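Some notes on the structure that comes next.
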There are 2 protein chains.
Amino acid sequence: MRIGELARRTGCEVETVRYYEKEGLLTIPQRDGSGYRSYTGQQLEELQFIRHCRSLGMPLAEIKALLRFRYHPQWDCAGVNAILDTQIARVQEQMRGLQSLLEQLHLLRMECAHRQQAGECGIMKNLNQAAKGEPCLCHPLPEGCA
Amino acid sequence: MRIGELARRTGCEVETVRYYEKEGLLTIPQRDGSGYRSYTGQQLEELQFIRHCRSLGMPLAEIKALLRFRYHPQWDCAGVNAILDTQIARVQEQMRGLQSLLEQLHLLRMECAHRQQAGECGIMKNLNQAAKGEPCLCHPLPEGCA
DNA sequence: TAGACACCCTGAAGTAGCTATAGGGTCAAG
DNA sequence: CTTGACCCTATAGCTACTTCAGGGTGTCTA
């Protein structure tokens, strides 16, 4: 099959397929008489593997590593587990960051209840206070307010 | 003060300060006899305002908009609220995404309890199954498994 | 007075993972 | 013979920085 059909069947863009090839994730396809890429069912699976891992938020470098385990089923799977653990830790850390961000944003948002001049707006007042290094909602202690 | 001191006092890199200037966030500083940038207390506050907003996860474009409200305190603050609401919605959406990612990753991780060959590893089996379009942990229904 | 060192300058390239654009070739249908 | 869908390569753009190359400035010490 050609690149367009491959893209349709995996739900990813043609450019993305070529990008994965350039990055060494997809095995290089054969070319037909017109120089068009020609893909096999193997390569379709390979691309679906990649897309699936991407949907789990994994970076391309780690997907590349997982692909190597796919090609070498006799390898010890400890490396696979390590990649998963890393990914879980990464996602957990991102969530912690977003959680505290969200709390700060909510607090800040509540400082302004109705339309008024920006100079009187509790949100702007808080942001301007923080800019002066004074205590603010997000960083109540002066020394914590970078 | 020169750029190094400004950077130290705000806890950001010299290159980042120059970058903000190039992007039009920081007002252009005076230059001294040697062509070095010379900053005022006003500009220190401006930079701290920017860094504070960045610590709330806001993109530079929205910080730019907030800075305009800072310079125009008589403007209606509805725009400020809108920026906050957008940011809150963005963070909430990211968290939802990460939450479902985390659940999928945990399920997948539990498929492999002990060291073995990659070919027998429950994680790799699941990923390979997904690659074939078969039901997997993350996308139990075949048609949902892109 | 010479050298060392910290600091400053500009401009360009690199990071992740694509997406988009320019400028062209191939092929089947009407 | 033209239209349209598809394919090709190479390059630039996106965010928010960081890094690097190559060079100038300013002060302190030997």
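Naming: A, B, ... by sequence-line order, numbering from 1 per chain. As the structure is a computational prediction, the values presented were derived from the model and not from experiment.
A search for salt bridge (charged side-chain N to carboxylate O under 4.0 Å, His left out) contacts involving B/Glu5 returns B/Arg9, not counting sequence neighbours.
Distance, A/Asp32 CG to C/dT26 P: 11 Å, rounded to whole Å. Between the CD atom of B/Glu23 and the C1' atom of D/dG13 there is a distance of 13 Å, rounded to whole Å. If you measure from atom CD of B/Gln94 to atom C1' of D/dT15, you get 13 Å, rounded to the nearest angstrom. Protein atom CD of B/Glu21 is 15 Å distant from nucleotide atom P of D/dC17, rounded to whole Å. When the C1' atom of D/dT9 is taken as reference, atom CD1 of A/Ile28 falls 15 Å away, rounded to whole Å.
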B/S/- along nucleotides 7-20 of chain C (protein heavy atoms under 4.0 Å) is -SSB------BBB-
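Although no hydrogens or angles enter the test, the distance criterion places a donor-acceptor pair under 3.5 Å between the side chain of A/Gln116 and the main chain of A/His114.
The side-chain heavy atoms of B/Arg51 and B/Leu47, taken from C-beta on, include a pair separated by under 4.5 Å.
Closest-nucleotide positions on DNA chain D for A/Ser38 and B/Gly33 were compared, and the one nearer the 5' end corresponds to A/Ser38.
Checked by atom type, the side-chain pair A/Glu62/A/Thr86 shows no donor-acceptor distance below 3.5 Å.
In this structure, A/Asp76 and A/Phe69 approach most closely via the heavy-atom pair O-CE2, 3.2 Å.
Between A/Arg70 and A/Glu46, no side-chain nitrogen of the basic residue sits less than 4.0 Å from a carboxylate oxygen of the acidic one, so the salt-bridge criterion is not met.
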